[in-house]
Amino acid sequence: HASELIFVSDVEGVRDANGQTLDQIGAHEIEGMIERGDVVGGMAAKLRAGAMALTGGAKRVVVTDIPGLIQHLGGEHARCTKLVREGVTP
């Protein structure tokens with residue numbers, strides 16, 4: 001299995017109701033966010049797939065845009081959202 005899954009989007013990460021990019025989301029929070037309508041469409045699908053990847057053994061799941069991807073791959077701090085298993089900090 002992959003150690004890291006990176007979703008590249010047209011936004012720098014998952015946004016909250018105020019439009020702010022979330023730094024981290026626990027996998028256990030995803031379905032509630034979708035049910036409340038906080039996350040819809042393609043982003044909801046990305047988060048569900050990310051949660052499955054974590055359950056399947058992936059160490060990290062990241063949602064970012066192309067500039068964030070370049071920063072992330074270069075070892076720089078990237079503006080993105082990290083999905084984490086419950087009780088795990090990336």
Side-chain angles (χ1 to χ4, degrees):
H1 48 79
S3 63
E4 182 172 41
L5 174 62
I6 302 172
F7 289 105
V8 179
S9 183
D10 60 345
V11 293
E12 62 188 12
V14 181
R15 296 185 177 156
D16 65 15
N18 298 318
Q20 299 297 312
T21 300
L22 300 170
D23 292 327
Q24 181 174 298
I25 298 173
H28 64 283
E29 299 175 86
I30 292 170
E31 287 305 318
M33 293 175 74
I34 293 169
E35 288 173 12
R36 288 189 304 274
D38 296 341
V39 179
V40 297
M43 191 61 76
K46 288 175 182 71
L47 293 182
R48 283 184 170 141
M52 286 192 289
L54 289 171
T55 299
K59 304 284 187 231
R60 288 176 301 280
V61 176
V62 175
V63 179
T64 192
D65 57 6
I66 291 192
L69 173 66
I70 293 166
Q71 291 172 331
H72 181 76
L73 293 176
E76 300 174 43
H77 176 73
R79 190 74 185 124
C80 63
T81 301
K82 295 176 181 130
L83 278 59
V84 297
R85 284 176 278 162
E86 213 169 341
V88 176
T89 302

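Residues take their numbers from the sequence shown, with the count starting at 1.
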Looking only at non-hydrogen atoms, find the nearest pair between [X] and [Y] and report the distance.
X	Y	value
Val61	Ala53	CG2-CB, 4.2 Å
Val14	Met33	CG1-CE, 4.2 Å
Gly13	Thr21	CA-CG2, 3.9 Å
Phe7	Ala49	CZ-CB, 3.8 Å
Gly68	Ala78	O-CB, 3.3 Å
Val39	Ala44	CG1-N, 3.4 Å

Within a strict 4.5 Å, meaning less than it, do heavy atoms of the [X] and [Y] side chains meet?
X	Y	answer
Thr81	Met43	no
Val63	Lys82	no
Gln71	Thr64	no
Ile6	His72	yes

Practice task
Could you give me the CA-CA distance, side-chain angles and deciding distance for Arg79 and Asp23, then say whether side-chain contact (heavy atoms from CB on, under 4.5 Å) is met?
Solution key: CA-CA 8 Å; Arg79 190 74 185 124; Asp23 292 327; 2.5 Å; yes
Practice task
Look up atom CD1 in Ile34 and atom CD in Glu29, then write down how far apart they are to the nearest 0.5 Å.
Solution key: 12.0 Å
Practice task
State the CD-CG distance between Gln24 and Leu83, to the nearest 0.5 angstrom.
Solution key: 9.0 Å
Practice task
Mark yes or no for whether Asp16, through its side chain, and Asn18, through its backbone, hold a donor-acceptor pair below 3.5 Å.
Solution key: yes
Is there a continuous path of hydrophobic side-chain contacts, each under 4.5 Å between heavy atoms, that joins [X] to [Y]?
X	Y	result
Ile70	Leu73	yes
Val62	Val84	no
Leu47	Leu69	no

